[in-house]
Amino acid sequence: MISEDCNIESFAESLKDEDSMAVIRAAIEEATAADRLFMKKGQLSGAAAQYSRQLKQLINYHRYAVKPYHPKEASYNIYMKYWGRHVFN
């Protein structure tokens, strides 16, 4: 995993200079790893589950330029910080 502590900010920081396709590929792999970690621990909620959800939202932003219902979502803010300036002028 890119972010061993399930931190969306550190994930985005490591990929900030990549194009959307590279970010999508990395986010899919990262979300799968986070889901496996979540399932292994068997918790109903936790950092891995939230991280996986944020990664999947980040994938949607990169694939479809989807605007969230709640613009204060962490994943949306991360998207705008690292990649969104070019999309939503």
With Glu18 via salt bridge (Lys or Arg N to Asp or Glu O under 4.0 Å) - residues at least two apart: none
Joint hydrophobic cluster, Ile59 plus Met80, side-chain heavy atoms closer than 4.5 Å: no
Ser75 side, atom OG; Gln50 side, atom CD - distance, nearest 0.5 Å: 9.5 Å
Side chain to side chain, Ile78 and Phe11, heavy atoms closer than 4.5 Å: no
Between side-chain atoms of residues 20-34 and protein atoms elsewhere (two or more places apart, or another chain), which donor-acceptor pairs fall under 3.5 Å?
unit_1 : atom_1 : unit_2 : atom_2 : d
Ser20  : OG     : His62  : ND1    : 3.0
Glu30  : OE1    : Ile2   : N      : 2.8
Glu30  : OE2    : Ile2   : N      : 3.2
Glu30  : OE2    : Ser3   : N      : 2.9
Glu30  : OE2    : Tyr51  : OH     : 2.6
Thr32  : OG1    : Ile28  : O      : 2.9

Considering all heavy atoms, the nearest Ser10-Asp5 contact: OG-OD1, 4.0 Å
Separation of Arg53 CZ from Asp35 CG (nearest 0.5 Å): 10.5 Å
Worked check of side-chain contact (heavy atoms from CB on, under 4.5 Å) between Tyr79 and Gln54: CA-CA 10 Å; Tyr79 173 77; Gln54 290 173 332; over 6 Å; no
Closest heavy-atom pair and its distance - Glu9, Tyr82: OE2-OH, 2.6 Å
